[in-house]
Amino acid sequence: MGHHEIPLSRPSITDLELNAVIDVLRSGRLSIGPVLEEFESLVAQRCGTQHAIGCSSGTSGLHMVLVALGIGPGDEVITTPFSFIASSNAILYVGARPVFVDICPKSLNADPALIEAAITPRTKAILAVEAFGNPVHMDSYARIAAKHEILLIEDSCEALGSSYKGTKAGSFGRAGVFGFYPNKQITTGEGGMIVTNDDNLADACRSLRNQGRAVAGRGSINTGSAGGSWLHHERLGFNYRMSELNAALGVAQMNRLDELVAARREVANLYTQRLLGITDLVLPSTDAEDMSWFVYVVRLAAGFTRDERDRVIQGLRMHDIGASDYFPCIHLQPIYEQVFGFREGDFPIAESVSQRTIALPFFPGMTKREVDLVGQTLELLIAREGLNARR
Ligand SMILES: *Cc1c(COP(=O)(O)O)cnc(C)c1O
């Protein structure tokens, strides 16, 4: 990928973040301390959930939720093939079977009707993903889960700050998980957060992230002081903790969340204005008014091939503009093809969308000049493909 003059993404780090990290370093308390608790309560407040449990990544958060909910071998979990691979990998970690369903071509999220049709007696959960931050259909998934008495787990790693029909992303199901990798709406460098209203699930996740130690008291990280000794392990746990340094970044970024979400929306609006007239381009759906933008992903019109799309991405990169193919379908990743025998054609809408997507540079503070330059370059590259290959 490399670094480009206009990068694909760039975290927004101010003196607030710098000072917060320095304060932690000066405090001498680098893990299992008060800053993580502060970060957790900020995220819980924002999502309107009883609990938030910080962890080392979005992926580890998803893993813990599935373990804590007792999902394992013999169980099926319905999910989308159009996502970052981590959402589905978590299902594999616990030995359960991912059951993919095709997506809705507008929202790019799993099609609710197909989810309902895929439910079997072995289905334990729906693992929903807000693709690119878009929370559309989350209410439908929640209704389907309730009706069929299965769990809804939200992989909200791309959707911090989104809400739909008044409900916050992360709070539609039994648990939601956020990720804080540097390209997300907020970053902690690496990190993740589980949100839930389920007391038992929260306790289980707090124990799981900390080597299976007993939980000292609700709302506090288990130090071993009250709930049992430091070297007493009640279950098979992990080291999925988040350090105080990462949490300090999280607190600073949460205090800027509204500003960051607004800045991203502003860039999305600039892109939409600039690209609206390009007929060979499908722009992202903006049906959800309260969408927190994760990335700005356009796609070439139906009829363009994967090779043409790849050449456009290469062309952007040659012009020193970061671009990427978000996301290749999960079921066509070698590990999934080999283990489950998926093949091309299994999920035609996801595949058709996926082979035409282009993620454009997108970060808070991106200027109109930069957006215009990306738009102009993209327009020229698309015109060239249209002339070369088709018409
Ligand atoms: C980023 C992301 C994750 C994983 O987050 P990490 O913190 O990198 O582990 C999971 N699911 C989706 C949909 C993501 O975009």
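Everything numeric in this text was worked out from a predicted model, so none of it was measured. Counting starts at 1 for both ligands and their atoms, following the listed order.
A cation-pi arrangement is absent between Arg356 and Phe304, since the terminal nitrogen or guanidinium carbon is not both under 6.0 Å from the aromatic centre and inside a 45° cone about the axis.
The aromatic rings of Trp293 and Tyr296 lie parallel to each other, with less than 30° between the two planes, well short of the 60° mark. Relative orientation of the Phe100 and His331 rings is tilted, given thresholds of 30° and 60° on the angle between their planes. Aromatic ring orientation, His137 versus Tyr141: tilted (interplanar angle from 30° to 60°).
Contact residues for ligand 1 (protein heavy atom closer than 4.0 angstrom to any ligand atom): Ser57, Gly58, Thr59, Ser83, Phe84, Ala86, Val129, Asp155, Cys157, Glu158, Lys184, Gly191.
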| request: For the pair Phe238 and Ser60, evaluate side-chain contact (heavy atoms from CB on, under 4.5 Å) and give the outcome as yes or no after the intermediate values. | output: CA-CA 9 Å; Phe238 310 97; Ser60 65; over 6 Å; no

| query | Under the salt bridge (Lys or Arg N to Asp or Glu O under 4.0 Å) criterion, do Asp310 and Arg306 qualify, and how do the steps go? | reply | CA-CA 6 Å; Asp310 290 348; Arg306 180 193 306 268; 5.6 Å; no

